[in-house]
Amino acid sequence: MRKRQKILRIVSGLALAAGMLLFRGQEACASVMPYDTYSYDWWTEDVLQPHAYLYTESYAGNRFGSEMKTPQDMFFRDGFLYIADTGNNRILILTEAGEYVDEISEGLSGPQGVFVTKEHRVYVADSGNGRVVEYDEDKDVVREIGRPETDLIDASQNYVPTKVVVDDAGRIYVIAYGINMGLVEFNEAGEFQGFMGATQVTVSPFEYMWKTYFSTDAQKQRMETIIPTEYSNIFVDQSDFVYATISNLSDEDHLNGADAVRRLNPTGTDVLRRLGNYSIIGDLYSASDEAMWSSFTDIAATDYGCYFILDNAGGKVFCYDYDGNSLFIFGGMGSRNGLLRNPTSLVLNDDQSRLYILDAQLGSILGFDITEYGANLLGAMKAHYTGNTEQSDRLWREVLRENANSEVAYIGMGKISMREGDYQQAMDYFKLGNSRKYYTKAFEFYRKELMQTSFAKYMGVAIFLIAAVLLVSAGKKIKRWVGEVKCRNI
Amino acid sequence: MQKYLKSMAYGFHVITHPFDGFWDLKREKRGTLAAAVTFAVLTVLMLVVRKQGTAFLLNMNRLEDVDMMVDIITVGMLFILWCVANWCLTSLMDGEGKMQDIAIFTGYSLLPMLIIQFPLVVVSHMITAEEGTFYYVFTVISYLWTIALLVLGMMITHQYSMKKTLVTTVLTLVGMAIILFIALLFFSVIQQFLTFIVTAYKEIRFR
């Protein structure tokens, strides 16, 4: 299967090259994107998909006046891009077209995180100074939130905040370097509240026994200590739930089915829906030449449950739906236009028509525009989420017209058929979408309906057959009895 | 022909009354090799039908990748391996069964799988995923029944005690593994040997 795909890819590549020679000078088309868009199907095979986002342009220093130096974070709010230009100790503010607006640089030292509230108050994780700074709309300092006053953090340990988000209730969540007890939570007044959403440590019984009973002290010292993983980035969604990503998962973690993304509710419990066919870890296989798994550095969620994750190891963007199904994957590492070197942050504009990726090594922002296919797919997801059946039906059909391999589209169509009560149709769709979970529901209804309408018919036939068999055997018995009586009488 | 059909029908007596049935298979000459081979062929057919005909809900096979040859080779190879390994061992361990007797009791032991799993394919089209538990229970029952029959058949055919039967069963499995290993080794060595000859021939020719 894979081989066939490879051959197909080579053949189509050759055809494309020939085509390009013939029609030189024509407009660049979607198929010359430097990356593939794909998704994983039910059999965990990667299947090529139509492009959902196309690279259009990149904003570098010459566009807004001054070069960026290892920028680490970016935030989008109401048409403006806020960039933590870490190497230049400033927060850069650009319009969404990449034009310079303003910058904040007073007293900042290597800021690695930036967040902007709905009221346009800017929160900066001022990593070098070990504090979080809040600015008002006029970019004046309002307050600073320093090291949390607690005995839970060792006094010798530096406090280096790297990422910050603020929810609608004013709670401030901070990721700090070296603190593995979860997110640092401050209340509205900036007082330390505690840690939230610590990752659970799992130790296998064998490992535990080995470490406690069979290792010498010298061995123990050289062994890796078992510590919970740290979060790499956070995003707060419209219902004040915090999406958090974990980047440094090992081979072992992957074997144990660890999760790389969480959606924490305000009490710190993970409520991310994991109903997809496989866990949300990015690429399902590590790159074959070097044992390398996807390493998530940023996440952006839409208000209808779909979320985009940025992978720093493969330079890819993963899009998942509300249930955790992979919608599409695109992007890659390299030096061609549209490929990445060291992506650090990803943001979406308000209607997801454009996706921006910040690259620390390139020192530029790459803009990706949504295609018609991508808009239909996300639109269908949104329509389904808001309960607009008519629109999602129309959009799913559009998606299927462009991509007959889309399992999510078939499942979406199936759900609509089921709501309309056409269970047989729903079964067909769910079968195409390879969803046994929904198929069994549709089948149950279908069977019930069939029994209600045709139970009498089938039962009648069955009773008739049983009666016929009984009659025949009874007839035989009577005949034999009559025969016996006759014999006796002779 | 009459005898063949009768010996097939006797299979139903064997699987329900194994002690009496297996005794008669050998000593009363009620069983035929043809019937045993028929059951093995039907097992292949059952596997093919099961892989393709089971309802979507309970069928995890990818239809593009289903290959009949795999079933033929698995069943055929396991059947022959089992018979050969069992014969080799039991002829050393005072077993009374001849090669033919072993093939017959093995073939007849496959019958429960056939009579349970063929109907299950039909049943699978009428049940939901939750009711699939029943489907799996019956599948497991058919396997256990077959294994029990294999053990009992061996015990009765060779006139063994239960303990000796179990030991022989384990040894037979080990024997199968050894035969497989030697076969693979043999093929690999032959292959290397042939490659060597071909290479040497080429070297000499091109000099």
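Below, all heavy atoms of this structure are taken into account, side chains as well, without hydrogens, waters or symmetry copies. A note on names: the letters A, B, ... follow the listed sequences, proteins ahead of strands, and every chain is numbered from 1.
Heavy atoms from other residues, nucleotides or ligands lying under 6.0 Å from CE of A/Met459 number 12 at most. In B/Gln191, the CD atom is not crowded: 12 or fewer heavy atoms of neighbouring residues, nucleotides or ligands sit closer than 6.0 Å. Within a 6.0 Å radius of CZ in B/Phe134, other residues, nucleotides and ligands contribute 12 heavy atoms or fewer. More than 12 heavy atoms of other residues, nucleotides or ligands shown are found within 6.0 angstrom of CE on B/Met93. Atom OH of A/Tyr458 has 12 or fewer heavy atoms from other residues, nucleotides or ligands within 6.0 Å. Atom NZ of B/Lys6 has 12 or fewer neighbouring heavy atoms from other residues, nucleotides or ligands inside a 6.0 Å radius.
Between B/Glu131 and A/Glu444, the closest side-chain pair of non-hydrogen atoms is not below 4.5 Å.
A/Arg447 and B/Ile127 get closest at one heavy-atom pair: NH1-CA, 3.7 Å. Closest non-hydrogen pair, B/Met60 versus A/Trp42, comes out as SD-CH2, 3.8 Å. What you find for A/Asp41 and B/Arg62 is that their closest heavy atoms are OD2-NH2, 4.2 Å. The two residues A/Arg436 and B/Asn59 make their nearest non-hydrogen contact at NH2-O, 2.5 Å.
The CZ atom of B/Phe56 lies 8.5 Å from the CG atom of A/Leu432; values are rounded to the nearest 0.5 Å. Distance check: A/Tyr446 OH to B/Thr128 OG1 gives 15.0 Å after rounding to the nearest 0.5 Å.
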